[in-house]
Amino acid sequence: MQKTRAKKCSKPLEPEESLCCCEYIDRNGEKSHLVACCCDCQDLDDACDRWFKCKSLQPGTLEHVTATVSDRLRIPWFAGAKKVDISILPPLLLLPVFLHIAALHILFTAIVLVSLPILVLWYYYLTHRKKGQTLFFLSLGLFSLGYMYYTFVSVVVPRGNIGTLQLIFITGGLLLTLIALAQAKEGPGYLVKKNSGFLPPSKEAATWSSNNKESNGTSRLVMENWCNVCKLERPPRTGHCRICDACVSRLDHHCVWINSCVGEQNHRAFIMTLLLFLFTSVYGIYLTLETVCIGSSPLIALIYCPGVYSDYSSAFSFACVWYCAIVTAGMGHLCIIQLINISYNVTEREARIALREEIGRKYLWGLIVDTGQYNHGFLKNWKEFLTMTSPQSRHKVEDLI
């Protein structure tokens, strides 16, 4: 009966048939409706049945259930219902709850502020191992910015210690951070081939190299620069991102916080986003501590603020300050690494390869890596970074094939 009802709930889409606001095309390519979200839940029924009978789940059951729920979680929209990524929901729901719990007692503050980074790191390694994209970290970052600003305006500003210019500075810093983030999200400089009706040169090079091991290294260079996934020959410093499944010009790394790669085209915007965020966050923390812990130095108040838990609004602001401090410390570490790499003209990808293959020079236990291949001195390295052009103007795709 269930499969019979499911057939009535969805049907293949006709070539010229349009979608209403509540209709969509599911992952099986069939037309479905929002009211049919509970139809054909065989995987969920089997999972619940085995759970009640204390039996182990079949391999892949949870993945099928998650994929089905994710596909059916949609909102009405023009020309068809839009899919909502499940990964954006946990930060929206859990972050306010955790921070309000942290404001109840200093012990709860310690537990929450220790648990949050551990949970975020656990989820990062879980998704990183699967090499899949997720909007969790971007959602967490954007919601944290919005929620901290809302807390600052609604809880800290009404106390009367924040001036108009200070509020304008915080607001302007937030807006500039979002603008820089939008620039960084425009794209890192993906390389795309326009046709694929050819054989990769690596096949000829591989055959030639196997018979001529005393070659001049040209064939080996072609093989190393050839991407078997994208089917194109990559220019120097280009890397293939397994998460984005694309080759990126001057690939630095894949950043989960912007859900995109950092490459030649958006690296400057990425650095600007980090700097603007750090300046705005540090200034916001300073103003909040001055307001909540009156009479104490901000550095001392971050560690010891007597009487802060006697008032719930003060305790909540204090918990938010510590949350911002932890996030700011993490982003500050990332920013320092980026600035050091730029000073030595090395990308994060090249630094990891150098550490893994033990080439180049390293200092401070690998915090500073100098491959020596592109290092032209501090000033020239920064000039090259600030003046490097976009991949569209430097590399023609036809020349890479």
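What you see is a predicted model, and the numbers here were worked out from it, not measured in a lab. The first residue of the sequence shown is numbered 1, and numbering continues consecutively from there.
- Ring orientation note: the planes of Tyr309 and His105 are tilted relative to one another, at an angle of 30° to 60°.
- Checked against the 2.5 Å cut-off, the SG-SG distance between Cys305 and Cys293 falls under it.
- With sequence neighbours excluded, the residues that form a side-chain contact (heavy atoms from CB on, under 4.5 Å) with Ala180 are Met272, Thr273, Leu276.
- Within the 4.5 Å cutoff, no side-chain heavy atoms of Leu251 are placed close to those of Thr238.
- Side-chain contact of Tyr344 with Thr371: a donor-acceptor pair under 3.5 Å is absent, judged by distance alone.
- Listed by first and then second residue, the ring-ring contact (aromatic ring centres under 6.0 Å, His included) pairs involving residues 277-308 are Phe169-Tyr283 (not counting sequence neighbours).
- Inter-residue side-chain proximity for Leu99 and Leu95 is flagged as met; some heavy-atom pair is nearer than 4.5 Å.
- Taking all atoms of both residues into account, the shortest heavy-atom contact from Gly187 to Gln265 is O-CB, 3.6 Å.
- Note: His253 and Phe270 have perpendicular aromatic rings, judged against thresholds of 30 and 60 degrees for the angle between ring planes.
- Between Gln183 and Arg268 the shortest side-chain heavy-atom distance does not fall below 4.5 Å.
- Side-chain contact check for Arg159 and Ser313: at least one donor-acceptor pair (N or O, by modelled atom type) lies under 3.5 Å.
- Between the side chain of Ser281 and the main chain of Leu278, no donor-acceptor pair closer than 3.5 Å is present.
- Under the 30°/60° scheme for interplanar angles, the aromatic rings of Tyr312 and His100 are found to lie parallel.
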